[in-house]
Amino acid sequence: DAKTTQPTSMDCAEGRAANLPCNHSTISGNEYVYWYRQIHSQGPQYIIHGLKNNETNEMASLIITEDRKSSTLILPHATLRDTAVYYCIVNSRSNFGNEKLTFGTGTRLTIIP
Amino acid sequence: NAGVTQTPKFRILKIGQSMTLQCTQDMNHNYMYWYRQDPGMGLKLIYYSVGAGITDKGEVPNGYNVSRSTTEDFPLRLELAAPSQTSVYFCATVDRGRSLYGYTFGSGTRLTVV
């Protein structure tokens, strides 16, 4: 699976949009981009995923560049409860037998009141 | 639905003791995983299972054993606890037969070996 690079930490003011970048320059054609977050030692929580097109759900938006080498997770109106570590993961969905998520150290997002 | 249930939530073991971390899911998911997370680090895969009766090693399997006799349960066994196994352990599941949704994680077991 492709490796990802994320900033170690970021701050965002409450109520503003939080934009979390992720580089995955070695991503291959069948690999999806997933985002998870982990709030204070709880189990990670799935946020969103995408392949080529931009995606939006009730939690966030995912913007993937046309060359797929980077992506941005957007939390449109950040609240204090969004303070967490955010993990960007790329994973192939075709290799079912060996599919497993590989977590890096993520981005620690702190929402400032 | 309870989702993924892990027990116990906390445990202190002495070096050399054994224990089993329990993981149960009621979502009928076929894939199950065990991860460990050391302080300030990301999650590392210990073992995984693609269905009842099938298990395979992950990135850090040494010192652990698993079994998968039913779809619902995926226990993780520590035979001879060592201080290096002090960590938070997470169980996760996913249904490979569905469309592309993410994994569901349990709330974790915090283990200290002294």
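Just so it is clear: chains get the letters A, B, ... in the order the sequence lines come, proteins before strands, and each one is counted from 1. When reading the values below, keep in mind they use all heavy atoms of this one structure, side chains included, and skip hydrogens, waters and symmetry mates.
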Student: Counting only heavy atoms closer than 4.5 Å, note whether B:Q6 contacts chain A via side chain, backbone, both or neither.
Tutor: neither
Student: Taking atom CD1 of A:I39 as the centre, does the number of heavy atoms from other residues, nucleotides or ligands within less than 6.0 Å exceed 12?
Tutor: yes
Student: What do you reckon, is CZ of A:R16 surrounded by more than 12 foreign heavy atoms closer than 6.0 Å?
Tutor: no
Student: What distance separates A:N91 CG from B:Y103 OH, expressed to the nearest 0.5 Å?
Tutor: 5.5 Å
Student: Is there a path of hydrophobic side-chain contacts, each under 4.5 Å between heavy atoms, that joins B:Y48 and B:V60?
Tutor: no
Student: Quick one: do A:F103 and B:L76 end up in the same hydrophobic cluster if we chain Ile, Leu, Val, Met, Phe, Trp and Tyr together by side-chain heavy atoms under 4.5 Å apart?
Tutor: no
Student: Specify the closest pair of heavy atoms between A:Y87 and B:Q37, including all atoms of both residues, with the distance to one decimal.
Tutor: OH-NE2, 3.2 Å
Student: Could you check which of A:G106, A:P44, A:G43 has the highest count of heavy-atom pairs closer than 4.5 Å to chain B?
Tutor: A:P44
